[in-house]
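Right, one structure below, let's go through it.
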Amino acid sequence: MSESLVVIGSQWGDEGKGKITDYFACRADMVVRYQGGNNAGHTVVFDGHKYSLQSIPSGIFNPKTVNVMANGMVVNPVSVIEELERLHKQGITDYQLFISSRAAMVMPWHSAFDGAYEALKGGKLIGTTKKGIGPAYSDKYSRTGLRIGDLLEPEYFAERLQAALAEKNPQLEMLGLPTYDFQAVYDQYMEIAKVIGPMITDTSLLIDSYLRQEDKKVLFEGAQGMMLCIDHGTYPYVTSSTPSASSVPVGAGISPKWVKNVLGVAKAYCTRVGEGPFPTELFDERAHEIRERGHEYGTVTGRPRRVGWFDAVVARYTSRLAGIDWWALMLFDVLSGLDKIMICTGYECDGEILQAPPSTIATLARCKPVLIEMDGWKEDITGCRSFDELPEAAKAYVRKIEEITETPVGMISVGPDRKQTITIAEELKKF
Ligand code: IMP
């Protein structure tokens, strides 16, 4: 039987999933992205080179790995082509990439609407990436969207495009935005079809065939993070999909019985980009120090990320919701040098201690973190390759996180390079 592993972000995105999926992609036969789109920003570093991915799965660097952009994604074909061109320039030319014929397609008007809707919110911005992700998912659920497979059937594509423009052009006009000419879009997308056409297939069948084979390793790569989940995140300051392991079956088109082994990627502290309450947020010099040391600037938008302490309320919540088997504790080296490190164990709100995040951000905004203080360490840990080599205070911090979140730490990352990874869990060593 195949082995499968789901890697998900467990905070507000940017936890370092790119590095972890790349780490496993070296050994995986298949890497599948199952939600989100080019709003994700994965940075992968190896052999001294830095690569940035938005919608393409992290297995793209290994010529033997089959990469799948599955039906749960919203795929912008223009951006896929641009990403591939960037990779070509960096010498990545030998790869296998397939895109689901059922994936929703991000069209040029989606990013126009994304920007306009944000502007209409006045001061209460969501702080989206403006890649058109929300409008593309909205059209999917309104059943007016186009899908990637439509590109392979020109007459049907023309019909769908005509219907979409009949609805979108008047809306664009009302917002004072440029409208789209049917023929121009049609011609552009027929050119696009020539490039990505050979990649389009029924990826549900492809993934299933891998899962059924002996000795195949299949990696499901989540994008964003659980607190940006449309259902369980800090709504409305969320993305438009479900980054949890729970969305793997629907988003990849497979049976839920294949979902096992969930690795929750968590920073050793917390960050978030965009707006929304963030109970453990730091505003002093320590935030600046962590931001600079961790290069905490958005890979898609370049925005400085907000920084806070590790939030065990969030971690317990996401572990429970997504069935996280282990944490991959990321950017652990960034904490070196701090005198004291805090962990949030609960929220104090209206005289009560909450053990799980409240459902509204109005209540969350009133939550004050209940913090415990841990000793910091001064040593440089970027060269550590086993748990035993870590300073005692660093080990105590890891043990405390395991205890409070009731979830073991299976991996620790002590630097951006593939080699700077400590794998603790035996199951993960075998994948
Ligand atoms: P959207 O996904 O572009 O609609 O943005 C909605 C919210 O999700 C915003 O706060 C974004 O900053 C955030 N977001 C989307 N993708 C990512 C990601 O990959 N990392 C971190 N935040 C993200």
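One-based numbering, in listed order, for ligands and for the atoms of each.
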Problem - Qualifying side-chain hydrogen bond (donor to acceptor under 3.5 Å, both in side chains) pairs with a residue from residues 65-75, counting only residues at least two apart or across chains - result: N62-T65

Handout entry: Exercise: do S247 and T242 side chains pair donor with acceptor under 3.5 Å
Key =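 No, no side-chain donor-acceptor contact under 3.5 Å.
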
Problem - Residue shell around ligand 1, heavy atom under 4.0 angstrom - result: W12, G13, D14, N39, A40, G41, I126, G127, T128, T129, Q224, L228, V238, T239, V273, G274, R303

Exercise for the section: Identify whether the distance between the nearest side-chain nitrogen and carboxylate oxygen of K19 and D417 falls below 4.0 Å. Expected result: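 Salt bridge: no.
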
Handout entry: Salt bridge present between E296 and K267 (N-O < 4.0 angstrom)
Key = yes

Problem - Donor-acceptor contact below 3.5 Å, side chain E83 vs main chain Q54 - result: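 Side chain of E83 to backbone of Q54, a donor-acceptor pair under 3.5 Å: yes, one is there.
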
Handout entry: Test item: S244 side-chain N/O and S246 main-chain N/O as donor-acceptor pair under 3.5 Å
Key = yes

